[in-house]
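Structure, as structure tokens:
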Amino acid sequence: MQPQPTAALETVFRLESPRVIAGVARLVRDVGIAEELTQDALVAALEQWPRDGVPDNPGAWLMATARRRAVDLIRRRENYARKLAEIGRDLPASAPPPEEPADPEDIDDDLLRLVFTACHPVLSAEARIALTLRLLGGLTTPEIARARLVPEPTVAQRIVRAKRTLARKNVAFEVPYGPDREARLGSVLEVIYLIFNEGYAATAGDDWLRPALCEDALRLARVLAALMPKEPEVHGLAALLEFQSSRTAARTAPDGEPVLLRDQNRHRWNRLLIARGITALDRAGAATGAAAPGPYVLQAAIAACHATAPAYEETDWPRIAVLYGLLAARAPSPVVELNRAVAVSMAEGPAPALALVDALAAEPALRGYHLLPSVRGDLLFRLGRTAEARTEFERAASLTRNARERALLLRRAREATG
């Protein structure tokens, strides 16, 4: 039976829109217009697919449709420019601008161009993140707000202003090199990481995983690592994503339900990706030298502890707790503190960890963050305070927008009281 056109279109558009936007942006040199043309292709699909059926390659259909519209736009621009030239042919001619020198490090990758363009320094850090998550990650405004722990109207304003700024400043659609590349690197790494996280544990929807996002993020991290071999944080991010990706096959049951780390079949972990992660982490260490490791290198070291442990019970939790302490000092964050509390609970027991979690209760950034009551519920359950644990699991379930995660939390709530 052929899939329902609207359901298929929603899925395809979510997965393919970053590539379509990137491919069109290379033609029109404007990410805002590229997004509009991609939306036009979506409208065309909504009109045609219910009548004609879903095409065999819906992603290619969307790309072809958007590119045709882009070509039409370019032709209209050229016709307009030609008419202006005819009107002004008697005016003194100006010399054409010199061509940019070819960069031996340039990459022919539209998605990477899109990331670096959206991370241009003319935008604020938060605007770069919001725009890239929208364009490359295919996230909706509510999903970005959820991921960034900020109100939805704030995210919407950031995205609109960011696109206007890029157009007004005539920002080139390119992968920069030299100092410009280094200036944007921090934002690029952050958005790649956030895109991977959205694929690794989707903030909303029916699916626990969105593998296409993980694959795009991992590929971009590998490309950057090859491009910038002396940057330890680039290798650190690549290592982190390799380790995290290695567990993908074991993170869901046959029915699509999430499988927690302690319950995963480690024989299903991808040993090739783990080996790649170890290699990347070694390169990060060599590039770091005597300097203090950065946040991505520290997170990769934490992931390595999980990836190399033969069993959940044999995980080096004391080392993980120490690494989280270093990470909290290097990149302070209530989410990092929450993760440190989990590690402390495994290394020292649930009681000291509960004190750390309770200290985070007043953090504004964690208000509405479902993992806070989820972690607290787990700690209370381990302490035998089952009625309180059930309340926390139910609260966590009410906060998450992911259907699979909600089902897991509600199951844990039922289990807490037998």
Side-chain angles (χ1 to χ4, degrees), residues 112 115 181-182 185-201 211 213-251 261-262 264 266-312 314-333 335-336 339-340 342-344 346-347:
L112 200 59
V115 176
R181 180 181 294 168
E182 294 173 5
L185 182 60
S187 289
V188 169
L189 294 180
E190 184 172 10
V191 295
I192 291 175
Y193 181 47
L194 289 171
I195 289 166
F196 181 89
N197 282 346
E198 179 59 26
Y200 195 69
L213 288 182
C214 292
E215 291 168 5
D216 277 342
L218 179 56
R219 182 178 63 80
L220 290 172
R222 288 171 177 170
V223 169
L224 275 181
L227 180 67
M228 311 180 76
K230 296 181 181 179
E231 290 288 343
E233 283 289 81
V234 173
H235 291 298
L237 178 62
L240 174 60
L241 302 195
E242 299 281 7
F243 287 134
Q244 300 292 69
S245 296
S246 72
R247 302 202 295 267
T248 299
R251 294 187 67 240
L261 178 62
R262 64 169 174 262
Q264 290 174 14
R266 298 191 174 216
H267 294 296
R268 299 190 66 197
W269 289 6
N270 189 315
R271 297 297 159 184
L272 175 60
L273 293 181
I274 291 174
R276 292 182 65 116
I278 292 172
T279 299
L281 187 56
D282 289 342
R283 288 173 179 160
T288 300
Y296 292 113
V297 175
L298 289 169
Q299 290 179 79
I302 292 169
C305 291
H306 291 296
T308 57
Y312 185 77
E314 299 178 57
T315 305
D316 192 349
W317 291 108
R319 173 169 169 74
I320 291 176
V322 170
L323 288 169
Y324 267 121
L326 294 174
L327 181 60
R330 186 68 188 268
S333 160
V335 174
V336 171
N339 289 331
R340 184 169 76 90
V342 173
V344 168
M346 300 303 299

Starting at CZ of Arg219, measure out to SG of Cys214 and round the result to the nearest 0.5 Å. 13.5 Å
Taking the ring centre of each residue, are Trp317 and His306 less than 6.0 Å apart? yes
Taking side chain as C-beta onward, heavy atoms only, is Leu241 less than 4.5 Å from Ile192? yes
Under 3.5 Å: donor-acceptor pair, side chain of Arg268, backbone of Ala249: yes
Please find the pair of heavy atoms, one from Arg247 and one from Gln244, that lie closest to each other, and give the distance. NH2-OE1, 3.0 Å
Whether the side chain of Thr315 engages the backbone of Tyr312 through a donor-acceptor N/O pair (distance < 3.5 Å, no angle test) should be reported. yes
Knowing that exactly one of Val115, Leu237, Leu189 qualifies, which makes a side-chain contact (heavy atoms from CB on, under 4.5 Å) with Leu220? Val115
Val234 and Ala221 have their tightest heavy-atom pair at CG1-O, 4.4 Å
Spatial distance of atom CZ (Arg251) from atom OH (Tyr200) [nearest 0.5 Å]: 4.0 Å
Considering all heavy atoms of both residues, which atom of Pro310 and which atom of Arg266 are nearest to each other, and what is their separation? O-CD, 3.7 Å
Can you measure from OG1 (Thr288) to CD (Glu231) and round to the nearest 0.5 angstrom? 10.0 Å
Which heavy atom of Ala238 sits nearest to which heavy atom of Leu218, and what is that distance? O-CD1, 4.4 Å
Value rounded to 0.5 Å, distance of SG in Cys305 from CG in Leu323: 5.5 Å
Steps toward side-chain contact (heavy atoms from CB on, under 4.5 Å) verdict (Leu194, Glu190): CA-CA 6 Å; Leu194 289 171; Glu190 184 172 10; 4.0 Å; yes
Test side-chain hydrogen bond (donor to acceptor under 3.5 Å, both in side chains) applied to Tyr324 and Arg319, step by step: CA-CA 9 Å; Tyr324 267 121; Arg319 173 169 169 74; over 6 Å; no
Gap separating the CD1 atom of Ile278 from the OG1 atom of Thr308, nearest 0.5 angstrom: 6.5 Å
Side chains of Tyr193 and Gln299: do they bring a donor and an acceptor to under 3.5 Å? yes
Checking the side chain of Glu233 only, and the main-chain atoms of Val297 only, is there a donor and an acceptor separated by less than 3.5 Å? yes
Between the main-chain N or O of Ala292 and the side-chain N or O of Arg330, is there a donor-acceptor pair closer than 3.5 Å? yes
Within the 4.5 Å heavy-atom criterion, are Leu185 and Met228 side-chain neighbours or not? yes
Pro318 vs Asp316 side-chain heavy atoms within contact, under 4.5 Å: yes
Whether the side chain of His235 engages the backbone of Pro229 through a donor-acceptor N/O pair (distance < 3.5 Å, no angle test) should be reported. yes
Which atom names give the shortest non-hydrogen contact between Phe196 and Ala217, and what distance separates them? CB-CB, 3.6 Å
Nearest heavy atoms of Ala331 and Val336, plus distance in Å: O-CG2, 4.1 Å
Leu327 side, atom CG; Ile302 side, atom CD1 - distance, nearest 0.5 Å: 5.5 Å
